[in-house]
Amino acid sequence: MLRRIAAILAAGLLALPAAAQDWIPDRPVRIIVPFPPGGSSDLVARIFADRASRSSPHPWVVENRSGANGNIGMEAVARSAPDGYTLGQCTIGNCAINAAIYARMPYDIERDLVPVFWSGSVMNALAIHPSIPVTTLQEFIVWARANQGRVNYGSSGFGSSNHLTPEFLNGRLGLGLVHVPFRGGAPALQALLANQVQVMIENVPTKIQAIRAGQIRAIAVTGRERDPALPDVPTFAEAGVPDIVVEPWFGFMAPRGTPANAVNGLNRILNEANADPEVQRRLRDLGVRPEGGSPERFADHVRAEVARWREVVERNGIERLN
């Protein structure tokens, strides 16, 4: 009798639709990070890949493919086999801003990709080279106006939040900062450290160690509240410039057509990683606010961000790129 019951239960399990069955990867999962090593996207992806590897039979690997503010790497994701073994690191740039600022996109978020997991959110910090003779945002504004056309700011590329935020400040405050784009946040940081650029408004994780070491000086953050990782640095509003709130984010997308059970299985593994106290500690130490949740939660957030940045680009007359 027990054998018969077991057989019936087994038959019923096999009859369940694929989406209802638990999915576990049986070979390595690849995360394509569309930026160089050392930047915020790369750091966050590696924290999750490291922890997820411990919950899977095979290791998760990170592959960096930089260029075009993340478009090159995400196009590779969109064109990958939809089998659950390729994820792309999705950011505020390549999954929200790019669609508004690039006239021709090599992929479409809704058509070519499916949300899997929201890994975290950060703030941008306005940091300057120590040679600049200012210590506050208001002093910086006065100094930049007095040196219009001679102050360079670095970014991780055209269309990134660390490109659009300085341009917004240029238009609003008349700073005259000159844009110098790089192929990621880490190369831009190296230029700031070398005084090849004097200013950078970049994700906190990319440069928090340089700030703590006194190699660069942070004078404001773009969050609604202060960053717990930089408690002594005021928000733009506190420093006298209201309505500058930019909170970049990270997450993972899979190629459209990836089976629902694979998406749910990947989401489960990543949520397990996110719940690990050590992962939480590592993220918060970098200045990352852990997020997590269902694929639907991440999808709603991306959809809202796409609409928001399209409005920002149109309202401020920011020129679209070919």
Side-chain angles (χ1 to χ4, degrees), residues 40 44 91-93 96-97 120-148 151-156 160-177 179 185 188-189 192-193 197-250 280 283-291 301 304-305 308-309 311-312 315-316 318:
S40 299
V44 172
T91 72
I92 189 175
I97 297 175
S121 300
V122 296
M123 300 180 193
N124 284 343
L126 192 162
I128 58 177
H129 190 268
S131 64
I132 296 179
V134 305
T135 57
T136 69
L137 180 60
Q138 291 300 324
E139 291 174 347
F140 172 76
I141 292 170
V142 172
W143 178 82
R145 285 172 175 166
N147 291 275
Q148 287 202 18
V151 182
N152 298 324
Y153 77 89
S155 82
S156 60
S160 60
S161 67
N162 41 70
H163 164 217
L164 295 193
T165 304
E167 288 303 316
F168 180 68
L169 293 176
N170 273 343
R172 180 171 168 183
L173 303 175
L175 302 184
L177 304 177
H179 184 209
L189 173 61
L192 178 61
L193 292 171
V197 298
Q198 294 71 51
V199 186
M200 188 178 173
I201 302 181
E202 167 64 51
N203 300 168
V204 168
T206 299
K207 54 191 181 183
I208 192 167
Q209 300 304 330
I211 293 170
R212 287 171 174 165
Q215 296 172 292
I216 55 178
R217 184 183 304 134
I219 57 177
V221 294
T222 62
R224 292 178 176 82
E225 300 177 349
R226 294 194 183 198
D227 191 327
L230 297 172
D232 297 327
V233 181
T235 65
F236 269 80
E238 290 175 325
V241 182
D243 302 324
I244 303 293
V245 176
V246 180
E247 296 186 346
W249 41 269
F250 312 99
Q280 294 267 324
L283 291 173
R284 294 186 189 281
D285 190 55
L286 285 173
V288 180
R289 182 177 69 239
E291 294 289 354
H301 181 69
E305 285 285 276
R308 178 196 179 199
W309 285 101
E311 180 184 357
V312 168
R315 185 174 65 244
N316 291 282
I318 297 172

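All figures in this text were calculated on a predicted structure; none of them were measured in a lab. The chain is numbered in sequence order, starting from 1.
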Within the 4.5 Å heavy-atom criterion, are [X] and [Y] side-chain neighbours or not?
X      : Y      : answer
His179 : Pro166 : no
Trp249 : Val44  : no
Leu173 : Arg145 : yes
Arg226 : Pro231 : no
Val122 : Pro205 : yes
Glu202 : Ser160 : no

Contacts of type side chain to side chain donor-acceptor pair (under 3.5 Å), residue Arg289, not counting sequence neighbours: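 In terms of side chain to side chain donor-acceptor pair (under 3.5 Å), with neighbours along the sequence ignored, Arg289 is linked to Glu291.
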All side chain to side chain donor-acceptor pair (under 3.5 Å) counterparts of Asp285, not counting sequence neighbours: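 If we apply the side chain to side chain donor-acceptor pair (under 3.5 Å) test to Asp285, skipping adjacent residues, there are no hits.
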Would the distance check show the side chain of [X] and the main-chain N or O of [Y] forming a donor-acceptor pair, the cut-off being under 3.5 Å?
X      : Y      : value
Glu167 : His163 : no
Arg308 : Ala96  : no
Lys207 : Ala125 : yes
Arg217 : Val134 : yes

About how many Å separate [atom2] of [Y] and [atom1] of [X], when rounded to the nearest 0.5 Å?
X      : Y      : atom1 : atom2 : answer
Thr135 : Phe140 : OG1   : CZ    : 12.5 Å
Ile208 : Leu286 : CD1   : CG    : 6.5 Å
Tyr153 : Gln198 : OH    : CD    : 13.0 Å
Ile211 : Asp227 : CD1   : CG    : 9.0 Å
Leu126 : Thr165 : CG    : OG1   : 9.5 Å
Leu137 : Ile219 : CG    : CD1   : 5.5 Å

Between [X] and [Y], which heavy-atom pair has the shortest distance, and what is it?
X      : Y      : value
Ala188 : Met200 : CB-CE, 3.6 Å
His129 : Leu193 : NE2-O, 3.6 Å
Ser40  : Thr206 : OG-OG1, 2.6 Å
Ala229 : Gly287 : CB-CA, 3.7 Å

CD (Glu225) with more than 12 external heavy atoms under 6.0 Å: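 Not more than 12 within 6.0 Å, no.
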Chi angles and distances behind the side-chain contact (heavy atoms from CB on, under 4.5 Å) call for Phe250, Leu283: CA-CA 12 Å; Phe250 312 99; Leu283 291 173; over 6 Å; no
Test log, rule side-chain contact (heavy atoms from CB on, under 4.5 Å), inputs Ile141 and Val241: CA-CA 10 Å; Ile141 292 170; Val241 182; 3.9 Å; yes
With Asn124, the side chain to side chain donor-acceptor pair (under 3.5 Å) member among Asn162, Asn203, Thr222: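 Exactly one pass, corresponding to Asn203.
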Matching residue for Val221 among Ile201, Val246, Thr235 - test: side-chain contact (heavy atoms from CB on, under 4.5 Å):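 Only match with Val221 under side-chain contact (heavy atoms from CB on, under 4.5 Å): Thr235.
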Verdict with supporting geometry, Ile244 and Arg172, side-chain contact (heavy atoms from CB on, under 4.5 Å): CA-CA 11 Å; Ile244 303 293; Arg172 180 171 168 183; 3.5 Å; yes
Evaluation steps, side-chain contact (heavy atoms from CB on, under 4.5 Å), between Leu164 and Ile97: CA-CA 9 Å; Leu164 295 193; Ile97 297 175; 3.5 Å; yes
